[in-house]
Amino acid sequence: MPPNSPEDVLALVNNNITVSISTDAYLPPYQGVTWLPFTDQALRGPDVFMLIAHPAMKLLKENHYGENEILALLTANPAALLGRENSFGRLEQGLDANFLVSEGIPGLEITSAEDISKVFFRGKKVIDRKNGAK
């Protein structure tokens, strides 16, 4: 089954269907997918997650969706679809404090994990690239 194209994602969002862009799997790129920059069949996964999400997120921005609505495709929507919206996916009191710090919106303005300076999991800093610690 082919992956959803950026146009598919836009159509789903336009129809108020909750869309989640997420992966924890390593799969080869789908043959004939023109919106992704991969030229070989090497396994791809979380390491290129933002690069995979970028075309759909960019199209949503071009269609006047707000940054929070777009970012929800990577945060609140996956949590809701997993039935875990009361645990994570948003920054609110009482939820796990899982978040990252970057100089841009993940998937929309940045597409490389190297552009993420800090990662917090349940409120504890687990990656700090600015200080060289991981």
Side-chain angles (χ1 to χ4, degrees):
M1 194 162 121
N4 291 319
S5 71
E7 293 77 17
D8 293 337
V9 171
L10 176 62
L12 292 167
V13 173
N14 282 341
N15 285 294
N16 296 314
I17 296 171
T18 301
V19 176
S20 167
I21 300 177
S22 60
T23 185
D24 63 355
Y26 283 89
L27 300 169
Y30 191 86
Q31 293 288 325
V33 173
T34 59
W35 64 90
L36 295 176
F38 308 123
T39 58
D40 60 28
Q41 287 296 293
L43 296 179
R44 310 290 181 186
D47 55 327
V48 293
F49 169 63
M50 291 183 292
L51 186 61
I52 292 169
H54 179 72
M57 294 177 78
K58 182 180 172 191
L59 184 60
L60 288 170
K61 181 73 172 174
E62 291 167 358
N63 281 269
H64 311 291
Y65 282 91
E67 294 171 350
N68 288 334
E69 292 173 291
I70 297 167
L71 189 57
L73 275 67
L74 308 182
T75 58
N77 292 2
L81 290 169
L82 291 170
R84 301 296 306 272
E85 65 274 13
N86 294 321
S87 299
F88 55 83
R90 300 175 321 280
L91 288 176
E92 287 183 14
Q93 188 172 355
L95 301 184
D96 290 347
N98 302 330
F99 63 96
L100 58 85
V101 178
S102 66
E103 292 189 29
I105 299 168
L108 182 60
E109 297 172 340
I110 65 168
T111 57
S112 171
E114 296 304 314
D115 293 327
I116 297 170
S117 58
K118 296 178 183 168
V119 176
F120 291 79
F121 179 70
R122 295 184 176 162
K124 181 181 175 190
K125 188 181 339 176
V126 295
I127 294 175
D128 187 349
R129 288 197 177 98
K130 296 283 186 197
N131 294 324
K134 284 192 180 184

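Counting from 1, the numbers follow the sequence of the chain as shown. Just so you know, these numbers use all the heavy atoms, side chains as well, and skip hydrogens, waters and symmetry mates.
Summarising the geometry, atom NZ belonging to Lys125 is positioned 9.5 Å from atom CZ belonging to Phe99; distances are rounded to the nearest 0.5 Å. The distance from the OH atom of Tyr30 to the CD atom of Gln41 is 11.0 Å, given to the nearest 0.5 Å. Distance CG/Leu82 to OG/Ser22: 7.0 Å, rounded to 0.5 Å. Here CD of Glu7 is found 9.5 Å from CG of Asn63. Values are rounded to the nearest 0.5 Å. Here Leu60 contributes atom CG and Leu10 contributes atom CG; the two are 5.5 Å apart, rounded to the nearest 0.5 Å.
At least one side-chain heavy atom of Arg122 sits under 4.5 Å from a side-chain heavy atom of Asn98. Annotation: side chain of Pro29 is not in contact with side chain of Leu36 (no heavy-atom distance under 4.5 Å). Pro106 has its side chain within reach of Leu71: a pair of non-hydrogen atoms, C-beta onward, lies under 4.5 Å apart. Side-chain contact between Phe49 and Ile21 is present, with heavy atoms from C-beta onward closer than 4.5 Å. Counting heavy atoms from C-beta on, the side chains of Leu81 and Thr18 come closer than 4.5 Å. The shortest distance between side-chain heavy atoms of Tyr26 and Arg44 does not fall below 4.5 Å.
Hydrophobic clustering, with ILVMFWY side chains joined whenever heavy atoms are under 4.5 angstrom apart, groups Leu73 together with Leu100. A continuous path of ILVMFWY side-chain contacts below 4.5 Å connects Phe121 to Ile116, so both sit in one hydrophobic cluster. Transitive grouping of hydrophobic side chains (ILVMFWY, heavy atoms separated by less than 4.5 Å) brings Leu12 and Leu59 into a common cluster. Under the 4.5 Å side-chain heavy-atom criterion for ILVMFWY residues, a single connected hydrophobic cluster contains both Met57 and Met50.
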Next on the checklist: Determine whether Arg90 and Glu85 satisfy the following criterion, side-chain contact (heavy atoms from CB on, under 4.5 Å), listing intermediate values before the conclusion.
Outcome noted: CA-CA 8 Å; Arg90 300 175 321 280; Glu85 65 274 13; 3.8 Å; yes

Item to check | Residue pair Ile127, Phe120: steps toward the side-chain contact (heavy atoms from CB on, under 4.5 Å) verdict | outcome: CA-CA 7 Å; Ile127 294 175; Phe120 291 79; over 6 Å; no

Checklist entry - Yes or no on side-chain contact (heavy atoms from CB on, under 4.5 Å) for Leu51 and Phe38, after CA distance, side-chain angles and deciding distance? => result CA-CA 10 Å; Leu51 186 61; Phe38 308 123; 4.1 Å; yes

Checklist entry - Between Ser102 and Asp115, does a side-chain contact (heavy atoms from CB on, under 4.5 Å) hold up when you go through it step by step? => result CA-CA 6 Å; Ser102 66; Asp115 293 327; 5.6 Å; no

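The two residues Ala113 and Arg129 come nearest to each other via the heavy atoms O-NH1, 2.7 Å. When all heavy atoms of Ser20 and Pro78 are compared, the pair lying nearest together is OG-CG, 3.2 Å. Of all the heavy atoms in Tyr65 and Ile70, the pair that sits closest is O-CD1, 3.5 Å. When all heavy atoms of Val13 and Val19 are compared, the pair lying nearest together is CG2-CG2, 3.9 Å. Taking both residues in full, the closest heavy atoms of Pro3 and Asp8 are given as O-OD2, 4.3 Å, listed atom of the first, atom of the second, then distance. In plain terms, the two heavy atoms of Leu95 and Phe88 that are nearest each other are CD2-N, 4.4 Å.
Looking at Glu67 and Lys61, a side-chain N of the basic residue comes within less than 4.0 Å of a carboxylate O on the acidic one, giving a salt bridge.
Without hydrogens or angle criteria, Asn15 side chain to Ile17 main chain gives no donor-acceptor distance under 3.5 Å. A donor-acceptor contact shorter than 3.5 Å is absent between the side chain of His54 and the backbone of Thr111.
By the 6.0 Å contact criterion, CD on Glu103 is open, its count of non-hydrogen atoms from other residues, nucleotides or ligands being 12 or less. Within 6.0 Å of the CG atom in Asn68, the count of heavy atoms belonging to other residues, nucleotides or ligands does not exceed 12.
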